[in-house]
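Here is the structure we will look at, set down as structure tokens.
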Amino acid sequence: MEVRVNGVTVELEKGESLLQAAERAGFKVPTLCHHPAVPAQGSCRVCMVEEEGSGRLLTACDTPAREGMSILLDTERVLEARRYALRLIFSGHPVHCEVCEAANDCRLRELAAEMGLSGRELPLSQDFRPVMDANPFYHRDLSKCISCGLCVRACQEIQGVGNYEMLGRGPHARPGTVLDTHLEASVCEFCGLCASLCPVGALFQRPYLHRGAEERRVTTICPYCGVGCSLVLKVRGNRIVGVEAGVEGSVNGWSLCVKGRYGLDFVDHPDRLRKPLLRKDGELVEAEWEEALGYVASRLAEIRERHGPDSIAFLASAKATNEENYLLQKFARAVVGTNNVDHCARL
Ligand code: FES
């Protein structure tokens with residue numbers, strides 16, 4: 001079907017939205033409660049567009065395009081409707097950006113800057129809630145929640161856990177768990193997906209608190225299990241300051257488990273072994289790789305000679321690549337002469 005956006009004609013499939021039409025035509029429409037990974041909900045009203053002819057204001061993210069429709073993206077009515085929607089959201093959101101961990105990464109603040117709003121146009125009317133931070137992974141500060149519902153949809157639609165639902169009505173609606181228990185008493189898996197999609201500071205990932213803004217991104221593979229999830233590391237200097245799922249062409253899409261998202265602190269932990277250790281006179285001392293490998297080779301040969309090849313066993317690791325694991329079993333069978341090979345994934 002054909003749809004016109006600001007006078008540009010684009011081709012759309014049935015069921016595609018006005019937001020997709022605008023993007024295909026090369027225009028940007030501001031969004032807040034929308035995320036490509038979850039079904040649109042149309043709750044924030046920031047993505048308003050105007051239908052030419054009828055003059056109707058429509059939310060672009062959840063309105064399906066119709067054949068022959070023509071929409072305008074930046075009429076004065078549209079801009080004012082978006083500004084008004086944002087003012088209303090700010091009226092329930094404390095503007096304490098100086099002390100908000102998400103200040104540099106807040107979609108609401110970014111939109112306010114784009115639209116020339118301070119966020120204090122309407123008086124603040126909200127119920128303050130205590131910060132919930134009993135777990136080490138993220139804190140919930142529902143005073144900052146803008147009820148966009150992204151965390152609810154992410155938990156239900158992507159993670160498939162369904163730990164959250166919206167509780168309360170109108171300005172008091174907030175995401176909560178069944179019976180509104182703390183996360184620690186719920187079925188939460190602490191995968192961090194909800195916190196990674198939160199557009200403000202209501203759900204904040206604690207392991208990456210006070211680490212500064214990212215300087216570059218590195219795409220890599222998770223070092224834990226054999227699924228091979230794709231990770232995007234946010235890096236500042238040589239330090240990881242955040243982790244996101246690597247979505248493009250990955251097996252994991254938007255998902256990560258708690259280890260992949262929050263378990264990478266070992267990378268620069270001071271206790272991490274950086275050199276092999278050899279026990280000498282009862283003490284573990286640092287050695288060069290050549291010396292350590294030479295020692296292992298001579299001991300393996302000695303044990304094999306004295307007790308036979310089946311006195312030696314090899315345990316492969318899920319943290320190694322398939323190729324490395326293949327080489328290990330080849331070494332065990334062809335060089336040492338034993339079939340005593342196992343893998344930690346079977347334990
Ligand atoms: Fe469309 Fe929120 S982004 S209504």
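Whatever order the structure lists ligands and atoms in, that order sets their numbers, starting from 1. Just so it is clear, the values below take in all heavy atoms, side chains as well, and ignore hydrogens, waters and symmetry mates.
If you run salt bridge (charged side-chain N to carboxylate O under 4.0 Å, His left out) between D265 and each of K259, R211, R239, only R211 comes through.
Under a 4.0 Å criterion applied to the non-hydrogen atoms of S43, ligand 1 contributes the atoms 4 (S). Close approach to R45 involves these atoms of ligand 1, each under 4.0 Å from a residue heavy atom: 2 (Fe), 4 (S). In the vicinity of C44, heavy-atom distances shorter than 4.0 Å reach the ligand 1 atoms 2 (Fe), 3 (S), 4 (S). Those atoms of ligand 1 that come under 4.0 Å of a heavy atom in L32, given as number and element, are 3 (S). The ligand atoms of ligand 1 that sit less than 4.0 angstrom from a heavy atom of H34 are 3 (S).
For the pair E286 and P276, the minimum side-chain heavy-atom distance is 4.5 Å or more.
Neither the backbone nor the side chain of A40 has any atom closer than 4.0 Å to an atom of ligand 1 (non-hydrogen atoms only). Neither the backbone nor the side chain of L19 has any atom closer than 4.0 Å to an atom of ligand 1 (non-hydrogen atoms only).
At a threshold of 4.0 Å, the pair K275-E288 counts as salt-bridged, since one of the basic side-chain nitrogens sits closer than that to a carboxylate oxygen. Between E165 and R174, none of the side-chain N atoms (NZ, or NE/NH1/NH2) sits under 4.0 Å from a carboxylate O, so this pair counts as no salt bridge. Salt-bridge annotation for R217 and E214: present, with a side-chain N of the basic residue lying under 4.0 Å from a carboxylate O of the acidic one. Taking a cutoff of 4.0 Å between a charged side-chain nitrogen and a carboxylate oxygen, E51 and R56 qualify as a salt bridge.
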Could you check E76 against R83 for salt bridge (Lys or Arg N to Asp or Glu O under 4.0 Å), going step by step and ending with a plain yes or no?
CA-CA 10 Å; E76 195 40 54; R83 281 194 290 262; 3.0 Å; yes

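With 2.8 Å as the limit, C148 does not count as an N, O or S neighbour of atom 2 (Fe) of ligand 1.
To the nearest 10 degrees, atom 1 (Fe) of ligand 1 sees SG of C47 and SG of C61 at an angle of 110°.
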